[in-house]
Structure formats: C-alpha cells, structure tokens
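Take a look at the structure set out below.
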Amino acid sequence: MQIQIVADIFISYARADQSKIAELVSALEENGHSLWWDQQIEGGRHFAKDIEKEIRTAKAVIVAWSARSLESHWVLDEASYARDEHKLVPISLEGTLPPFGFRQIQSIDFSNWPEDEKAFRDLLRALAQEVDQDEEGKSPSTRHAQSSPDGALSNGAANGLTAMSALSRRKLIVGGIALSGGVAAVGGWQMGLFQSAGSAAISMAVLRFANLTGDESQSWFSDGLSNELRQVLSRNPLLRVSAPTSSTADVDEDDFSLGRSLGVRSILRGSVQRMQDKVRIFAELLEIEDGFVKWSESYDRSIEDVFAVQSEIAEMVAFALVTQIASEGEARRTIEQQKAVGGTSDIKAYEAYLQGMAFLTLSSGVETDRGALERFEAAIALDPKYATAHAARATAFSAIANASSDSAEANRQFASAISAARTAIEIEPNLADGHQALAFALSYGKLDFSGAFRHYKKALELAPGDPAVLGNTAIFHAYGGQRIIAQEMINRVLELDPLNARSFRTAGFIALLGRDYEATIRRMDQALSLNPKIASANYGIGVARLIKGDFPGAKSAFDAEPVSIFKLTGLAITADKLGDQKGARNAFGEMIDEYGDACLYQQAQVHAQWGDKASALSALARAFETGDPGVLFAPNDPLLDSIRAEPSFDQLISPAKL
C-alpha cells in the first residue's frame, strides 16, 4: 500500500518549460517545501483525477506564465481555480504578461532566475504567507488583519460590514479603516498586488525636457510633455519609472549623475521648442553606464500633432527597453497596455490642463491651488469628456479644502472633489487618477473608509508603479494600524522617488503612527534636507521628541514649524511640560482664535497631554461629529494615549465592540 503525501504546493506550467520548472522544484524542495507537479503522475493512473485532487488539497498554486503556458487550456483552468480559491502565486518565466483576468495579481519576475536571487526570495515569502495562513486553519475569506501596535481589530467583525450603514457615522469613522481597509489590503498584499519596486526588470527616468522656446513662462509646456510621457511609460508593467519630483529635481548634477542617484539604468531626455502653431521636439534614450544612445529622434510638427508625437516617443522608448528582457511580441503587448486613458484630442484643452498642473505642482498655497482649479475648469469647458482634467479638478478641490480654516467651507470643497472624481470615473472607469482623487476625498472629506479603500485598491491595480497612489494608500493603511503594509508601500515610494521631500515626510508619519520615533525623526530630517520649508515635518519631529521626553528639543521643533495649527498645538503641549502654564494657555487660546471648530482634533490632543481627560474626550467626540480629518490619527496617535483606555474613547473608534 502506497502512502499518499499531501503536497503544500501545486505547480502549473507548460510542458515546453519543463527544464526550468525542474530547477525550481529542486530549489523549493531544498528549502523544505513539499511540491506536486505532473512529473509525479504514475503510469496507469487517471491523471485528470490526480491533478484535481492535488490542486484542491494544495495550500498554494504556483502558475508559471510564459508564451507557451498562455496557449495551454490546462494552465488557464488551473490558474482560474487557484485565483478563485485565493491561493494563486504567479511567476513570469520570461517577462510574459498574464492573460486578461489575471493581471490584477502581480507576477514575480523569474526571467533572470537563478541569477536573480531576489526573485526566489520573493517567491519564498509569498509561499510562506499562503502556507502559514492555511496552517492556522483560516480560509482566505476569514484571515485576520495584521496586528497594529494598539491592538488591531480582527476580521471577525468584517463579516458584518453590510450592516454597518445602520451604525452612526461617529461610531464607525475610524474602525472602518481597520476593518474594510486593512483586511482587504492584507489579502491584496498576499496576492502580490503591492509588490516591491524590484519586480520591474527595467528601470528608467524621464528627465525634465528643456524649454527652448526662449520664454521661461512657457516651461509649463515642456514640463507637461515630459510628465505626460512619464505617466504613459509608468503604465508599462515591465518598466520601473522614477517619479516626477525626483526625475526633475533641481540638483547640481548632470543628467547621468542624476540617473545614478535615482538608481536607474536608462534616462529619457529631450527638448521642446514652441513656435506659434508649430512645435519642435527632440528626444533621446541613453544608457547610464556607458552613455550609449539607444534611440533618438527629432520631430517638427504642427501643435495639433503633439499627441501623436507623445505616443510615438513612448512606444519607441518602451520597445527599446522591454525587448532587452522580453520577446518582440511581448514588448508590443506591453505597449498596448501602457496606452494612456482619459485624455483629450483638443490641443487647447490639453494646454489648459498642463497650465493647471503647473500651478498644482507649485503647491505654494491656496492661490496657486485656485489658479490650478481655474485652468482645469477651462480645459473641461473645451472638452467636457476630458476625464484626466476632471480628476485633476477633484485634486484641486481637495487641496483647497485641506487649506481651509472654515470647516463648513472645507466640507463644501470636499463635496465638489467627490463629484468631480466621480465624473472622471464615469467618463473613464480605468483612470487611476480618478480613483485616487475619489479615495482621497472620501477618506479626508467624508471619513468613508470602506469607500475610499475600494478606490485606492482600484487605483493600485491600474497604476501599481505610481508613487502618488502608493504614498496616499500607504498613509491610509498606517491610519488603520496596518503598519507592515504601509511600510512596504512607502519603501517602494522611496525607491521610485528618492529626491522627493513629501515622500520622506509621509514615511515619517508612517513611522510616527507605528511608534518608531527614531525613524520618525530620521525621515523628517531627510524631508527637511530636501525642502527646508516643507510643512508639518518639524511637527512630526516635535511629537517624536515629546514622546521620548525631550521637551526642549520638542519645543525647538515646534518653533520651527511653518503651519500655525501644528505649531500652536505643539507649543501648547511643550510649554505645559516645561512648567510654563501661561505660555501653554496663550498658545492654546491663539489656536482657537485662529481656527475655531476647525481645530477640534488638536484641542483633544492638547487636553489629553494636559491630563484633562473629560475635555479631551469631549473635543474628540465633536471632532468626529463634524468630520474633522484629524481623527484619522486617532487610533494610533501617541498624543491621545492618556485617554485611550477610557470606554468612551474605545466606542468612538471601534464598531467591533459596540
């Protein structure tokens, strides 16, 4: 009688790839995994029944995508079963894209394995997550979220999400992020949705195109052209494209030194000369290591042809890079996937949009945000179906709302942001910018975390390499206590955008919410070294030093904070800690005079640090009732620790305990 051993891992592949799969089987067995693949089918046995039994009992299913397996009905059937059972772990043997229906699950790139050891480590980590979860006796639909430092809410209450609408808005404001956001995110992470930046095989940067027009005020056009190229290329699944802020950083380096600073293999650079209704564009793709020009072209076209030129440049660059690691056919398939969505064919609308983006990028205050909004609305007036302009309009509304000291006005602006984002998505459902803009407005403006998570998840599926999407989603998860996910995502952002002060500031707040105060100070210092005037970085340092007991150091940091609401909050707390009660009251009074009910959350922080628990809880309850975005911090804010054990605090943030 033969003993049947149940394998942990089932491998699905095309027979033509057998030699490489045999290597993989040996490597996995050496690491202690038990595997089943079709070489274990015994003569005379009914192979279809064996396959069905093994795939059902396996805890993880590796599907090896290749040009051959895409043609195999067996592989497609096995992959469909594994996906539906939430145990699919896909790998790509030669940079091959999965077929439609499977692209929302990022494949691990095995095109350079075994030389690429990181690919095997990524596979081991993915398998460990699947196998370990199954060994705990949890089906994929009942897995628990990662624990937060404060004790995360488990997925047990998530089964009741459909009944949550009956609860009051105040009671499920913060708990909703841990339930609907965190649990679903963990599942997405385990399936590879938020894989590391290293999974893209070819790294590149699109540098700022030089403006040769002779008028610096026209640089919005050349900058906009390079940004649009970067957006299109970043949609290619086999390219890792550095973020715009780092790619256009104003540093004392030549293009090759900047490329090395970004850690990329290739750079795309060029120039733009605008002459009334004509445009001259030059572009070249160069390798960093030896300066070799892989491709270059010059275009003299009418201004209306700029869209065709953009498409041609993006296609030629992608083809030149992707064919280094994939077949010509595969390269052309990725080029189809990278095509932009949500655009316009109206050159005047496009120009208005680029001008709006130039204002929005300045981010120097509400006036530039309003200037951006005006230009986006001009673009939409020219082309009402310009989905990208609607999404940008939503972003501008949110920026204006965030800058408002009037809570009623902020609510109106956020409502406009939500409406504009929904319009963008109605026009183009696959526009990542639209989903991201809606997610941001829902979370900050309406405190609707289940709704926000759905759209962050969709944005990540559509643009997994977009650092703005990754950064916003990372801090979203940090608010809900999903520290491991948030940290992985922000690490990827820092790889893509290593010269962006805002990225380091986000990393600092993620560290603060994770109670890693040394990392908070380090990340905020990095942000300030890149932009000494960046808002709220000194506040983050001040809070970290305050919790560490360095009250003079905290006061120095708060003194340096340029944003009044954060500065006054910190000074009201540190003055009290240093024995200056009069100074503390003066700072607190000044904050209320300036912000009124728009600073209810900050009032709760101050009262909690002063030891006035009743006043802190009262202010916090009012902050929840009015929809103060500050309550996003509440579940993990160290400044509220003195009231965290109070039953009324627990009820405010935890629908699972009602």
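Predicted model only: the values in this text are computed from it and were never measured.
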If we only count heavy atoms from C-beta on, is the [X] to [Y] side-chain gap below 4.5 Å?
X	Y	value
Leu123	Ile62	yes
Lys278	Asp300	no
Ile475	Leu513	yes
Val322	Ile202	no
Met489	Thr473	yes
Phe376	His390	no
Leu70	Val75	no
Arg523	Leu494	yes

Out of curiosity, [X] [atom1] to [Y] [atom2], how far, rounded to the nearest 0.5 Å?
X	Y	atom1	atom2	answer
Ile288	Ser257	CD1	OG	8.5 Å
Phe256	Leu286	CZ	CG	4.5 Å
Ile11	Asp17	CD1	CG	12.0 Å
Thr506	Asn500	OG1	CG	8.0 Å
Arg375	Arg393	CZ	CZ	14.0 Å
Phe509	Tyr539	CZ	OH	7.0 Å

Partners meeting salt bridge (Lys or Arg N to Asp or Glu O under 4.0 Å) with [X] (sequence neighbours left out):
X	result
Glu315	none
Asp525	none
Glu94	Arg68

Distance-minimising heavy-atom pair for [X] and [Y]:
X	Y	answer
Ser302	Val279	O-CG1, 4.0 Å
Pro464	Leu470	O-CD1, 3.6 Å
Ala441	Ser398	CB-OG, 3.8 Å
Ala119	Ile108	O-CG2, 3.6 Å
Gly263	Arg240	O-NH2, 3.4 Å
Leu239	Leu233	CD1-O, 3.8 Å

Which residues satisfy the side chain to side chain contact (heavy atoms under 4.5 Å, CB included) test with [X], sequence neighbours excluded?
X	value
Glu328	Phe319, Arg332
Glu117	Arg121
Ser271	Ala210, Leu212, Phe282
Glu289	none

**OP:** Kindly indicate, with the supporting measurements, whether the criterion salt bridge (charged side-chain N to carboxylate O under 4.0 Å, His left out) is fulfilled by Arg333 and Glu336.
**Re:** CA-CA 5 Å; Arg333 281 193 289 273; Glu336 283 298 311; over 6 Å; no
**OP:** Scan Leu285, Asp255, Leu258, Val206 and name whichever one has a side chain to side chain contact (heavy atoms under 4.5 Å, CB included) with Arg269.
**Re:**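 One option only clears the test, and that one is Asp255.
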Excluding sequence neighbours, so at least two apart, what forms side-chain hydrogen bond (donor to acceptor under 3.5 Å, both in side chains) with [X]?
X	value
Gln231	none
Tyr444	Tyr479
Arg274	Glu351

**OP:** Start with the C-alpha distance between Ser111 and Asp109, add both sets of side-chain angles, then the distance that settles side-chain hydrogen bond (donor to acceptor under 3.5 Å, both in side chains), and finish with yes or no.
**Re:** CA-CA 6 Å; Ser111 57; Asp109 184 5; 2.7 Å; yes
Original post:
Should Ile313 and Leu268 be marked as a side chain to side chain contact (heavy atoms under 4.5 Å, CB included) after you check the CA-CA gap, both sets of side-chain angles, and the distance that decides it?
Top reply: CA-CA 10 Å; Ile313 293 173; Leu268 175 65; 4.2 Å; yes
Subject >> Ser69 side-chain N/O to Ala64 backbone N/O, donor-acceptor pair under 3.5 Å >> reply: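 Yes, Ser69 side chain to Ala64 backbone: donor-acceptor pair under 3.5 Å.
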Original post:
Would Leu462 and Val341 satisfy side chain to side chain contact (heavy atoms under 4.5 Å, CB included), going step by step from the backbone distance to the final call?
Top reply: CA-CA 11 Å; Leu462 295 168; Val341 296; over 6 Å; no
Just list the side-chain donor-acceptor pairs under 3.5 Å for residues 429-437, sequence neighbours left out, or say none.
{"unit_1": "His435", "atom_1": "ND1", "unit_2": "His455", "atom_2": "ND1", "d": "3.0"}
{"unit_1": "His435", "atom_1": "NE2", "unit_2": "Pro429", "atom_2": "O", "d": "2.7"}
{"unit_1": "Gln436", "atom_1": "OE1", "unit_2": "Val469", "atom_2": "N", "d": "3.2"}
{"unit_1": "Gln436", "atom_1": "OE1", "unit_2": "Asn472", "atom_2": "ND2", "d": "2.9"}

**OP:** Go through Phe504 and Leu530 one step at a time and tell me if the side chain to side chain contact (heavy atoms under 4.5 Å, CB included) criterion holds.
**Re:** CA-CA 9 Å; Phe504 284 100; Leu530 291 164; 3.7 Å; yes
**OP:** Give the intermediate values and the outcome of side-chain hydrogen bond (donor to acceptor under 3.5 Å, both in side chains) for residues Glu495 and Asn491.
**Re:** CA-CA 6 Å; Glu495 289 179 24; Asn491 286 346; over 6 Å; no
Original post:
Are Tyr13 and Leu93 close enough, and set up right, to give a side chain to side chain contact (heavy atoms under 4.5 Å, CB included), and what steps lead you there?
Top reply: CA-CA 10 Å; Tyr13 70 103; Leu93 295 184; 5.9 Å; no
**OP:** Please determine, by modelled atom types, if Asn211 and Thr213 share a side-chain donor-acceptor pair under 3.5 angstrom.
**Re:**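 Asn211 vs Thr213: donor-acceptor pair found between side chains.
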**OP:** Any pair with a residue in residues 287-313 that passes ring-ring contact (aromatic ring centres under 6.0 Å, His included), sequence neighbours left out, goes on the list, sorted by first then second residue, please.
**Re:**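 The answer is Phe307-Tyr350.
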